Amino acid sequence: MFFSFVESRQIHYMNYSSSQFAYDTHQLMDVKSVRLSFSGEFSSELISVLLLMAKKTIGGRPVMKKIYNVMIECLENITKHAFIIEGDTFPAIFVLGKDNDFYYLATGNKIIQDEIPNLQGRLEKVNGLDRVGLKRWYNDILTDDEGLSQNGGSGLGIIDMALKSKHKFEYSFQKIDVDHSFFTLKVKINTADQL
Amino acid sequence: MNSLRIYKGDTTPSLDFNIETMEFFMEGECRPENVLTCFEPIIKWMDSYVDWLKNKKSAGRLNFNFKLEYYNSSSAKFIFNIFKQLKVIQSNGIEVNVFWFYYLLDEDLLECGQEYEKILGLKFHFLALQE
């Protein structure tokens, strides 16, 4: 039953004309007020380009500073550390959009199933802490004598993002196969922030 | 002992640590491709500078001008390390003043500086720049 469903969906996608796909994607991005998005393989050169484009799209408003800061952490998470699988070419996605009262930054990328508990634990901890608790946790990591992890992460990234966003993270894990899931993370920033 | 001079890169800051004037500047943006290669020479230089000052038994005043507009989370621990070395310099008899520059509306960067001040017990001066 399940297989036939997957098969029919694949056939549906294959027959889907590319102009229709472009139109539908455009419509969807319009509805979701997407300002900037990229799907594919991320690199540090690409990060610089995306940052430049975000600056142009959002403009010089004070909120841009905060978006810029959170955006770097988001993009570094899916290119450099924490969340990625070395050498994997499975496309990741980054979206910068605007809902009524806030901008949102969303990322999605493939992760190894075994890493979910650790990642989920940290995200739950961040979401469960208030500002004072987040700062205390940040300072504990900052002042301990532990070096960086192998992938160059300090563990400060997600705490830093939470402190700057002032909103709870939204995240999900969608199973790709037995060993992998697609991890999505959405971070919000008030449009009126710092105005 | 020579002064430390590092030029700005695309994702790395410029550094000017002048041992004659004891005016130190760190300026720009800091999100290096590889934090270790970026910071190792700086931390090493600071280590030798701490010893050099101590052996010289010099007194005086050191101004550290922090003018980074942005630093990423993986740089944070290294930057903290530089401040820890400044703290050692201070306990060796040099008066250390940190001038923390931030854009007026950048409350995040201001808060970071205030946290450093609290943790380190160094003298911080906060200077707001107009956008």
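Small disclaimer: the values here were computed from a predicted structure and weren't measured. Labels below follow one simple rule: chain letters A, B, ... track the order of the sequence lines, proteins then strands, and each chain is numbered from 1.
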Legend entry - OH/A:Tyr23: more than 12 non-hydrogen atoms of other groups inside 6.0 Å: no

Legend entry - Ion pair check, A:Lys65 and B:Glu29, cut-off under 4.0 Å: no

Inset, instruction - Return yes when atom NE2 of A:His26 has more than 12 non-hydrogen atoms of other residues, nucleotides or ligands closer than 6.0 Å, and no otherwise. - result: no

Legend entry - Contacting region of B:Glu115 [heavy-atom separation from chain A under 4.5 Å]: side chain

Legend entry - Under 3.5 Å: donor-acceptor pair, side chain of B:Lys77, backbone of A:Ile141: yes

Legend entry - Residue A:Leu75 versus chain B: region with a heavy atom under 4.5 Å: neither

Inset, instruction - Look at atom NZ of A:Lys32 and say whether more than 12 heavy atoms of other residues, nucleotides or ligands are closer to it than 6.0 Å. - result: no

Inset, instruction - Could you verify whether a donor N or O on one side chain and an acceptor N or O on the other, from A:Glu73 and B:Asn72, lie under 3.5 Å apart? - result: no

Legend entry - Same apolar cluster: B:Phe78 and B:Ile82, side chain cutoff 4.5 Å: yes

Inset, instruction - Give a yes or no on whether B:Asp10 atom CG has more than 12 heavy-atom contacts from other residues, nucleotides or ligands under 6.0 Å away. - result: no

Legend entry - From OH (B:Tyr70) to CD1 (A:Ile72), nearest 0.5 Å: 4.0 Å

Legend entry - Linked, directly or transitively: A:Met64 and A:Tyr104 (ILVMFWY side chains, under 4.5 Å): no

Legend entry - Note, B:Arg31 side chain near A:Leu51 side chain (heavy atom, < 4.5 Å): yes

Legend entry - Sidechain N-carboxylate O distance under 4.0 Å for B:Asp108, A:Lys164: no

Inset, instruction - Specify the closest pair of heavy atoms between A:Leu142 and B:Tyr116, including all atoms of both residues, with the distance to one decimal. - result: CD2-CE2, 3.6 Å

Legend entry - Exceeds 12 heavy-atom contacts within 6.0 angstrom, atom NZ of A:Lys168: yes

Inset, instruction - Could you tell me which portion of B:Lys118 (side chain, backbone, both or neither) has an atom closer than 4.5 angstrom to a non-hydrogen atom of chain A? - result: neither

Inset, instruction - State the CG-NZ distance between B:Leu109 and A:Lys66, to the nearest 0.5 angstrom. - result: 11.5 Å

Inset, instruction - Decide whether A:Ile58 and A:Leu36 are clustered together by the hydrophobic rule: side chain heavy atoms of Ile, Leu, Val, Met, Phe, Trp, Tyr closer than 4.5 Å, transitively. - result: yes

Legend entry - Joint cluster assignment, B:Leu86 & B:Met26, ILVMFWY side-chain distance < 4.5 Å: yes

Inset, instruction - Kindly compute the distance separating OG1 (A:Thr143) from CG (B:Asn81), expressed to the nearest 0.5 Å. - result: 12.0 Å

Legend entry - No-hydrogen, no-angle side-chain donor-acceptor test under 3.5 Å, A:Tyr68 and B:Glu69: no

Legend entry - Minimal non-hydrogen separation, B:Ser73 against A:Gly157, with atom names: OG-CA, 3.3 Å

Legend entry - Over 12 non-hydrogen atoms of neighbours within 6.0 angstrom of CE in B:Met1: yes

Legend entry - CD1-CG distance between B:Ile119 and A:Asn139, expressed to the nearest 0.5 angstrom: 3.5 Å

Inset, instruction - Check each atom of B:Glu111 against the heavy atoms of chain A and say whether the ones under 4.5 Å are side chain, backbone, both or neither. - result: side chain

Inset, instruction - Answer with yes or no whether the hydrophobic clustering places A:Phe173 together with A:Ile176; edges join I, L, V, M, F, W, Y residues whose side-chain heavy atoms lie under 4.5 Å apart. - result: no

Inset, instruction - Using non-hydrogen atoms and a 4.5 Å limit, figure out which bit of A:Ile159 sits close to chain B: side chain, backbone, both or neither. - result: neither

